[in-house]
Amino acid sequence: MSFRQNPWVYLFLFLISNTLISYSSLPLDAKLIMGLVGIALPLYVALRTLVPSRNEKPGYLSDLKFSIPAWFWAFALLGLVFLRFYKLETFPLWPNLDEGWIGTLAIELSKHWTWRFFYTFGEAPPLTIWTVACLFKLGFSPSFSLWFPPAVVSLLTVVVAYLAARQFFSKSFALVCGGLMAFSYWPLMIGRLCHQGIWLPLWVCLCLYFLGGFQKARGVPGKTSWALGLGIATGLGSFIFTPWPVPAGLLVLGLLWHWVIRSKENRGYFFLFCLSLALTLIPFFLAVLREGYGSHIRSLSPWGGWFSDFNIFTDFFKYLAVLFWDSYEKDPAYTPVWGGFLNPLLGAFFLVGFIEMFRLRRLGLIRWAGVAFLLFLLPGALSPNLETFRVAQVLPLLLFITALGIHAMAGLLPSSNRLWILVGLLVFVGAYDFNLLAAPYRNPDAHPENFGRPLKSLERYNAFNFLRNYRKNNASGLILTDLDTNSFNDPTLSVMVYDFNPARNEELLREGASWVGIFVNTHYKPFLQKRFPNSRWMKLTTDLRLDNSGDMLGILSLTGPDQEPLIQWFQAHEIFQQADFFRFRSGAGQMDWVLKTLEINYPLMKRDPFLESVYWDKRAAFEYEELNYEEQLRSYQMAVSLGYPTADLYYKLGQLLMVKKRYPEAQEAFLKATQAPLDLTQARAALEWLKAQPSTNPPNNSK
């Protein structure tokens with residue numbers, strides 16, 4: 001069955017197959033069969049029966065010749081802005097872990113500006129952190145500072161994508177490209193996340209805009225300006241996100257081939273391009289010499305330490321699959337909750353566009369687009385897990401191929417209906433994809449597993465809501481967020497309460513404080529409730545299976561006899577904040593300064609059992625980062641002997657003893673966990689498992 005004679009049949013078949021693979025509850029084997037029968041086989045038949053294009057004007061250069069009324073542009077602009085700024089500060093409800101790190105670093109940078117280039121153990125470039133820090137410096141709230149930049153970046157990406165498309169394509173084709181960038185899922189998601197990768201599609205489009213400008217320019221002055229601009233634009237990638245060398249390298253190689261090897265007349269412009277590129281890269285290379293670079297990339301590479309079973313084909317398929325159907329990974333990062341980035345209809349148009357690409361494969365632009373599409377997926381395929389910002393540079397190409405399919409099918413429609421059908425398609429895509437984006441946040445308590453993708457803490461979100469409302473109805477209070485052991489990994493609560501927390505924002509200390517709020521592990525409740533009888537304690541989630549059995553929020557009065565220990569807690573909290581911040585800034589493998597800071601200030605923790613517990617628990621977490629398991633074990637032993645012997649601490653001790661195969665000692669630790677005043681851990685299950693394993697009870701196995 002020829003594709004040219006039956007294109008709508010193919011489109012319908014692709015649509016049905018994509019829908020079943022993306023949204024049905026069929027087992028994986030059935031979905032693979034559906035993919036083979038409903039997608040691979042029709043593609044094979046279509047490509048086999050397709051006649052290659054010979055001297056035919058490609059569709060992307062043909063205009064559909066419809067007249068666009070002024071009101072259409074007004075409604076399009078309204079929809080474009082609405083979908084990105086609607087409930088700007090509340091739509092995502094809560095920042096994820098990466099956003100918490102960005103916020104923490106930006107807050108500190110807003111107070112003490114430095115020109116540090118790389119941040120965290122991920123060695124992330126600075127542009128996002130600098131942008132957020134400037135907003136904090138201007139006095140904006142944490143939610144605005146985090147989520148205003150991505151909304152603006154997403155908006156600019158639409159504009160630059162349309163302008164770049166106009167440099168190469170017809171007006172109608174550029175309109176389709178711009179419409180997809182405006183209303184499809186992935187660009188909308190980028191507009192709601194504060195991450196270094198949000199700049200990648202904008203940057204790729206900017207480079208294409210300058211490249212197209214050079215190709216269209218006539219005369220030396222014009223070509224000179226565009227060549228210099230292209231070099232600067234390419235070099236700006238070094239300020240954005242780690243995968244930037246892949247698009248930049250492909251662009252340099254492409255220009256070398258076309259401007260130097262094939263056409264010698266552009267050699268001078270290639271020199272100007274390289275000169276402006278080199279000048280723009282100076283800050284990057286100076287930072288490499290000053291701060292070091294590459295350890296994170298090496299650790300994530302197939303030759304690094306994080307890979308246990310490397311298979312580039314499997315990993316490449318996962319990144320390819322998430323574009324159309326699903327993530328197919330247990331804990332993916334920055335993926336749709338349901339389906340892939342292209343909804344089933346757009347996925348069907350992509351497949352039609354792929355068929356068009358095959359038909360036009362003799363054209364240089366099509367060949368470069370195909371090669372770039374595959375290469376842009378490599379930063380993801382060569383890493384150990386699914387994190388889609390590593391391949392965000394592929395977004396413009398993904399939408400270009402989809403636009404090829406839409407434009408080709410629109411050309412088959414009656415000319416009088418084309419505009420309205422395209423408008424209807426974009427309205428449907430915008431409404432449908434925005435609904436998919438918003439769905440996980442409508443009722444987070446009902447579906448916490450969806451709220452937490454990727455790495456969002458429902459407990460911290462609930463704590464923030466209570467603290468914000470409590471602060472509105474009461475005087476100022478100190479909020480101690482870093483007494484939680486996981487605060488060194490998830491600082492989101494500390495960031496979000498910044499604008500009303502004197503314990504973090506020194507400018508608010510002059511207001512005074514009449515209460516203290518603490519975010520701690522639930523197992524401290526019996527000890528702290530007994531110590532502070534007038535305190536108020538709240539469990540923050542229900543029906544969540546958490547490794548640490550959950551956290552709680554406490555409100556304590558900063559008056560009377562409780563004042564002295566709470567002031568001591570506040571002073572200790574400042575030490576823990578310093579330790580956590582250094583971890584955010586430097587990352588794993590550089591914990592010496594953190595541990596030294598904790599040791600110097602240990603006298604402040606003495607004689608307070610709660611601070612002793614927190615101190616040794618946090619120290620154990622930092623020692624784990626250093627892979628120093630002997631010291632980690634000692635820290636847990638000190639925590640239960642000098643501090644409050646909570647079930648959580650005994651359970652952690654038992655787990656570590658299990659790893660070290662010291663089974664009798666592990667059994668004793670788990671038993672003490674079950675005997676604690678409150679035990680919500682899996683200690684009983686661990687004891688049952690140990691009893692059922694004869695090999696875990698050898699004589700004299702404690703040493």
Side-chain angles (χ1 to χ4, degrees), residues 86-96 99-100 103-104 107 135-136 139-148 192 438 440-448 451-452 456-484 486-487 490-522 524-525 528-529 532-544 546 550-559 562-563 566 569-570 573 577:
Y86 170 70
K87 293 187 174 180
L88 177 69
E89 298 188 60
T90 58
F91 178 88
L93 295 183
W94 193 247
N96 59 48
E99 291 173 316
T104 297
I107 288 172
L135 292 174
F136 272 114
F140 289 103
S141 68
S143 55
F144 185 89
S145 299
L146 285 174
W147 293 320
F148 179 72
R192 298 291 183 166
Y441 308 119
R442 291 199 183 103
N443 191 354
D445 288 307
H447 300 283
F451 175 85
K456 288 189 177 185
S457 170
L458 185 58
E459 292 181 303
R460 285 170 172 77
Y461 169 66
N462 289 333
F464 168 77
N465 284 331
F466 178 87
L467 289 167
R468 181 177 55 182
N469 294 330
Y470 191 83
R471 174 63 182 85
K472 288 179 180 178
N473 300 320
N474 296 274
S476 179
L478 301 173
I479 303 172
L480 309 184
T481 59
D482 288 42
L483 301 178
D484 166 55
N486 197 41
S487 63
D490 185 349
T492 51
L493 181 60
S494 177
V495 170
M496 294 300 282
V497 300
Y498 175 74
D499 56 349
F500 61 90
N501 182 19
R504 181 70 189 275
N505 190 342
E506 297 85 352
E507 294 181 3
L508 302 176
L509 279 174
R510 66 175 69 96
E511 299 178 9
S514 62
W515 54 274
V516 172
I518 62 170
F519 182 83
V520 291
N521 186 269
T522 301
Y524 285 112
K525 183 176 180 180
L528 296 179
Q529 200 167 36
F532 301 97
N534 297 322
S535 58
R536 179 182 176 184
W537 302 94
M538 290 141 287
K539 188 169 177 60
L540 299 169
T541 56
T542 57
D543 301 325
L544 266 183
L546 300 169
D551 294 298
M552 64 179 179
L553 181 66
I555 302 296
L556 298 84
S557 175
L558 194 55
T559 56
D562 295 340
Q563 184 175 11
L566 293 181
W569 288 11
F570 169 66
H573 180 262
Q577 273 191 329

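Just so it is clear, the model here is predicted, and its values are computed rather than measured.
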Name the orientation class of the two ring planes belonging to F532 and W569 (parallel below 30°, tilted from 30 to 60°, perpendicular beyond 60°).
perpendicular
Anything under 30° is parallel, anything over 60° is perpendicular, the rest tilted; go ahead and classify Y498 against F136.
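Perpendicular: the ring planes of Y498 and F136 meet at over 60°.
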[X] side chain near [Y] side chain, heavy-atom distance below 4.5 Å:
| X | Y | answer |
| --- | --- | --- |
| Y461 | N465 | yes |
| L556 | D562 | no |
| P502 | S476 | yes |
| H573 | L478 | no |
| I555 | L467 | yes |

May I have the step-by-step check of side-chain contact (heavy atoms from CB on, under 4.5 Å) for F570 and V516, ending in yes or no?
CA-CA 9 Å; F570 169 66; V516 172; over 6 Å; no
Does the separation of the ring centres of W515 and Y470 fall below 6.0 angstrom?
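For W515 and Y470, the ring centres are under 6.0 Å apart.
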Nearest 0.5 Å please: distance from the [atom1] atom of [X] over to the [atom2] atom of [Y].
| X | Y | atom1 | atom2 | value |
| --- | --- | --- | --- | --- |
| D482 | R504 | CG | CZ | 7.0 Å |
| F464 | F500 | CZ | CZ | 5.0 Å |
| E89 | S145 | CD | OG | 8.5 Å |
| T522 | D551 | OG1 | CG | 6.0 Å |

Mind running side-chain contact (heavy atoms from CB on, under 4.5 Å) on Y524 and I518 for me, showing each step along the way?
CA-CA 11 Å; Y524 285 112; I518 62 170; over 6 Å; no
Does [X] reach the main-chain N or O of [Y] with its side chain, forming a donor-acceptor pair under 3.5 Å?
| X | Y | value |
| --- | --- | --- |
| K456 | P92 | yes |
| S487 | D484 | yes |
| N505 | N501 | no |

Residues E459, D490; criterion side-chain contact (heavy atoms from CB on, under 4.5 Å); working and verdict
CA-CA 12 Å; E459 292 181 303; D490 185 349; over 6 Å; no
Which atom names give the shortest non-hydrogen contact between R192 and E99, and what distance separates them?
O-OE2, 4.1 Å
Minimal non-hydrogen separation, L558 against A513, with atom names
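Shortest heavy-atom separation between L558 and A513 comes out as CD2-O, 3.6 Å.
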